[in-house]
Amino acid sequence: MNYATIKWTDIANGEGVRISLFVSGCTHHCKNCFNQVAWDFDYGQPFDVDIQEKILKELGSTYIAGISLLGGEPLEPKNQESLYPFLKKIREKYPNKTIWCYTGFILDEESGELTDKTKNTRYTQDLIRLFDVLVDGPFIEELKDIRLKFRGSSNQRVIDVQKTLKYGKCFLYLN
Ligand code: SF4
């Protein structure tokens, strides 16, 4: 997997001060996407051991609330495979830091997978289980609303993942 950019102190993409990792590769191609350069899976830098170690170290700072994954598309099958072992390490090392993920796919709250079955892999369920919050759905220009918190368009849901998976129905983290 490649990543497009990292924001080390981001307050726009989740609660608190966060590290935001923008991965490369996205097949949604939403109209007026905010980050078109990251559609290309080969854009940016390799997500290698050095950058993973740097993120793990920076997450230890007391003022960092957690990590947010954006893109590109973190849940493209190719990216799931790289993100799963990395996020598992974060979960083990920092159980109290939160993990937010932004996806253009839609969560099937009963199965804990994606509604687009062609995008589910052997990692999907376990990966989603590591998230605290999942902001799902594509950005839709016609539904854009700048008053919305932590999302761009009103079709997108800010989902409380742990509660949703526990009960098999959607619980929103924010309305
Ligand atoms: S899912 Fe995100 S990165 Fe992909 S095209 Fe849509 S807005 Fe852009």
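Counting starts at 1 for both ligands and their atoms, in listed order. When reading the values below, keep in mind they use all heavy atoms of this one structure, side chains included, and skip hydrogens, waters and symmetry mates.
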Does ligand 1 have any atom sitting under 4.0 Å from a heavy atom of Gly72?
yes
Over all atoms of both residues, closest heavy-atom pair of Leu56 and Phe86:
CG-CE1, 4.1 Å
For the pair Trp39 and His29, name the ring-plane relationship: parallel under 30°, tilted 30 to 60°, perpendicular over 60°.
parallel
Quick note on ligand 1: atoms under 4.0 Å from a heavy atom of His29 include exactly 5 (S)
Correct closest heavy-atom pair for Pro138 and Ser153 would be O-OG, 3.7 Å
Closest to atom 6 (Fe) of ligand 1 (judged by heavy-atom distance), picking from Cys30, Cys26, Gly104
Cys30
Glu73 and Thr103: side-chain donor and acceptor closer than 3.5 Å?
yes
Would you check if atom 6 (Fe) of ligand 1 lies under 2.8 Å from any N, O or S atom of Cys33?
no
Heavy-atom gap Trp39 to ligand 1 smaller than 4.0 Å
yes
Taking the six-membered ring where the residue is Trp, are the ring centres of His28 and Phe105 under 6.0 Å apart?
yes
If you count the atoms of ligand 1 from 1 in the order shown, which ones are under 4.0 Å from a heavy atom of His28?
1 (S)
